[in-house]
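These notes are about the structure you will find just below.
Just so you know, residue 1 is the first one in the sequence shown, and it goes up from there. Computed from a predicted structure; not experimentally measured.
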Amino acid sequence: MAENPMYSRQRLARRLRKGREDSGLTQQQVAEAFGWSPSKVIRLEGGTKPVSVPDTMVLLAKYEIVGEEAEHLLELAKVARQPSWYASYREIMSPEFEAYLAYEESASIIRDFSRNVVPGLLQTEEYADALFEAFGVRGAIRELRVELRLKRQKVLDTDAQLFFILDEAALRRQVGSETIMRHQYEALVRVNERPNVTVLYVPFRAGIYALFRSPYVIFEFPDSDDLVTYLEKPETEELLSEKTPKSGQQSPSDYLDAFWKLEHSLASDIAQAFA
């Protein structure tokens with residue numbers, strides 16, 4: 001999998017926190033050992049700021065982390081300080097969507113449910129352009145949004161496993177011309193032939209089903225037991241983590257259960273939608 005700077009920073013932070021805890025040290029003790037402020041250790045372990053390579057080296061020595069693991073963590077520290085490939089698009093991204101891209105690039109499994117339109121990773125250039133035009137996005141900003149959407153699709157060429165479930169409404173709602181829609185249908189069938197991609201749809205006759213009202217994406221990672229869910233709402237975006245649940249909200253595992261039930265009971269192969 002690709003090493004994303006933001007996700008690498010979070011991975012390093014988690015491992016440094018574990019190293020400290022395994023060593024029986026408090027954050028205060030680590031701060032005193034190096035003449036740091038306690039807030040610096042908190043920030044390092046929170047993953048909010050990149051950890052410098054020298055700071056990583058002294059912490060690894062303090063926690064007695066050596067060998068291949070130490071080399072790997074030092075590499076994470078280096079990657080975490082590099083700009084992401086999408087850094088030049090920050091003007092058109094919310095902080096939540098920037099985090100979304102980090103997870104999208106780093107995940108080993110992506111499950112995407114789309115209710116209203118074709119998922120961004122599967123959109124043709126002309127479909128994406130027509131969609132942004134319908135949303136009132138104009139000029140250079142629209143060009144940037146389409147460009148970013150197409151560049152994201154490189155994740156389809158990785159070893160990640162990607163599962164997409166579309167409500168039939170996303171297929172039947174016309175975006176742009178009939179020709180654009182025909183090309184989009186052909187692209188969906190074509191991408192479904194990739195060995196790492198599965199594209200399904202839920203027909204109207206399935207009726208109402210769990211968590212169908214809003215689009216969501218679930219991320220799983222190769223070196224973590226955490227689940228992260230991205231929710232796209234009319235006026236906001238939200239990221240949920242299984243390890244930091246929010247009171248009164250569905251958890252990522254709830255979304256995973258809903259997706260699994262759709263996949264194995266109500267959804268059909270995308271080719272059947274156009275038969």
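- Counting non-hydrogen atoms of neighbouring residues, nucleotides and ligands closer than 6.0 angstrom, the NZ atom of K154 exceeds 12 such neighbours.
- How far NZ of K78 is from CG of L76: 11.0 Å, rounded to the nearest 0.5 Å.
- Put simply, the side chain of R20 gets close to the backbone of L25: a donor and an acceptor are under 3.5 Å apart.
- Taken from OG in S253 to CH2 in W260, the straight-line distance is 14.5 Å, to the nearest 0.5 Å.
- Counting non-hydrogen atoms of other residues, nucleotides and ligands closer than 6.0 Å to CE of M57 gives a total of 12 or fewer.
- The side-chain heavy atoms of D167 and Y209, taken from C-beta on, include a pair separated by under 4.5 Å.
- Between the side chain of Q174 and the main chain of G176, a donor-acceptor pair closer than 3.5 Å is present.
- When every heavy atom of I180 is checked against every heavy atom of V175, the shortest pair comes out as CG2-O, 3.5 Å.
- Crowding of R172 atom CZ: a count of heavy atoms from other residues, nucleotides or ligands under 6.0 Å exceeding 12.
- Listed for the Q184 side chain is a donor-acceptor partner under 3.5 Å among the backbone atoms of L122.
- With a 6.0 Å radius and a threshold of 12 heavy atoms from other residues, nucleotides or ligands, K40 has its NZ atom above the threshold.
- In terms of hydrophobic clustering, with Ile, Leu, Val, Met, Phe, Trp and Tyr side chains grouped at heavy-atom distances under 4.5 Å, Y7 and L227 are assigned to different clusters.
- Of the inter-residue distances, the one linking I270 atom CD1 with L200 atom CG reads 7.5 Å to the nearest 0.5 angstrom.
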Self-check item: Chi angles and distances behind the side-chain contact (heavy atoms from CB on, under 4.5 Å) call for F164, V191
Solution: CA-CA 11 Å; F164 299 90; V191 75; over 6 Å; no
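- Within 6.0 Å of atom CD in Q250, more than 12 heavy atoms from other residues, nucleotides or ligands are found, so the atom counts as buried in its surroundings.
- For the side chain to side chain contact (heavy atoms under 4.5 Å, CB included) criterion with F219, the lone passing option out of I110, D226, D112, I109 is I110.
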Practice problem: Starting from the C-alpha separation in whole Å, work towards a yes-or-no answer on side-chain contact (heavy atoms from CB on, under 4.5 Å) for V30 and L59. | Solution: CA-CA 9 Å; V30 172; L59 289 171; 3.8 Å; yes
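- Here the shortest heavy-atom pairing between Q272 and S268 reads OE1-CB, 3.7 Å.
- Looking at D257, its side chain never comes within 3.5 Å of a backbone N or O of D254 through a donor-acceptor pair.
- Between A13 and G46, the shortest heavy-atom distance links the atoms CB-C, 4.4 Å.
- Distance alone, capped at 3.5 Å, places no donor-acceptor pair between the N4 side chain and the S106 backbone.
- Using a 4.5 Å heavy-atom cutoff, the side chains of Y103 and V217 are not in contact.
- In plain terms, the two heavy atoms of R194 and D157 that are nearest each other are NH1-OD1, 2.7 Å.
- Heavy-atom contacts from other residues, nucleotides or ligands closer than 6.0 Å to CD of E125 number 12 or fewer.
- Follow the hydrophobic side-chain contacts under 4.5 Å out from M181 and you reach V146 in the same cluster.
- In this structure, E98 contributes its side chain and R90 its backbone to no donor-acceptor pair below 3.5 Å.
- Here F163 and F259 keep their ring centres 6.0 angstrom or further from each other.
- Here the side chains of Y255 and L240 are in contact, with some heavy-atom distance below 4.5 Å.
- To the nearest 0.5 angstrom, S251 atom OG is 14.5 Å from K243 atom NZ.
- Remark: the backbone N or O of L73 is not paired with any side-chain donor or acceptor of R15 at under 3.5 angstrom.
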Practice problem: Check step by step if side-chain contact (heavy atoms from CB on, under 4.5 Å) holds for L148 and R145. | Solution: CA-CA 5 Å; L148 173 60; R145 289 188 181 278; 5.9 Å; no
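- Counting only distance, with no hydrogens or angles, the side chain of R138 and the backbone of E133 share a donor-acceptor pair below 3.5 Å.
- In this structure, the side chains of H183 and T179 come closer than 4.5 Å at one or more pairs of heavy atoms.
- Taking every heavy atom of both residues into account, G120 and R152 meet most closely at CA-NH1, 4.5 Å.
- At a threshold of 4.5 Å between non-hydrogen side-chain atoms, the residues L256 and E220 count as touching.
- Considering all non-hydrogen atoms of both residues, L171 and Y185 come closest at O-OH, 2.6 Å.
- Within the 6.0 Å centre-distance limit, the rings of F97 and Y100 are counted as a close aromatic pair.
- Under the 4.5 Å side-chain heavy-atom criterion for Ile, Leu, Val, Met, Phe, Trp and Tyr, L156 and I218 are members of distinct hydrophobic clusters.
- Contact annotation: the side chain of E32 approaches that of Q28 to within less than 4.5 Å [non-hydrogen atoms, C-beta and beyond].
- The OH atom of Y230 sits 10.5 Å away from atom CD of E238, with the distance rounded to the nearest 0.5 Å.
- One N or O on the side chain of R173 and one on the backbone of N116 form a donor-acceptor pair closer than 3.5 Å.
- Residues Y127 and F135 share a single hydrophobic cluster, defined by chaining ILVMFWY side chains whose heavy atoms lie under 4.5 Å apart.
- Applying the 6.0 Å contact sphere to NZ of K49 captures no more than 12 heavy atoms from other residues, nucleotides or ligands.
- Taking OG of S23 as the start and CD of E64 as the end, the distance is 6.5 Å to the nearest 0.5 Å.
- Checked against the 6.0 Å centroid criterion, the rings of F212 and F113 do not qualify as a close aromatic pair.
- The side-chain heavy atoms of V41 and F34, taken from C-beta on, include no pair separated by under 4.5 Å.
- V117 and L121 fall within a single hydrophobic cluster, where Ile, Leu, Val, Met, Phe, Trp and Tyr side chains are chained together by heavy-atom contacts under 4.5 Å.
- Listed for the Q82 side chain is no donor-acceptor partner under 3.5 Å among the backbone atoms of P5.
- The local environment of CZ in R205 is sparse, with at most 12 non-hydrogen atoms from other residues, nucleotides or ligands closer than 6.0 Å.
- Considering only heavy atoms from C-beta on, L162 comes within 4.5 Å of N196 through its side chain.
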Exercise. Starting from the C-alpha separation in whole Å, work towards a yes-or-no answer on side-chain contact (heavy atoms from CB on, under 4.5 Å) for T198 and Q161.
Key: CA-CA 8 Å; T198 300; Q161 295 294 310; over 6 Å; no
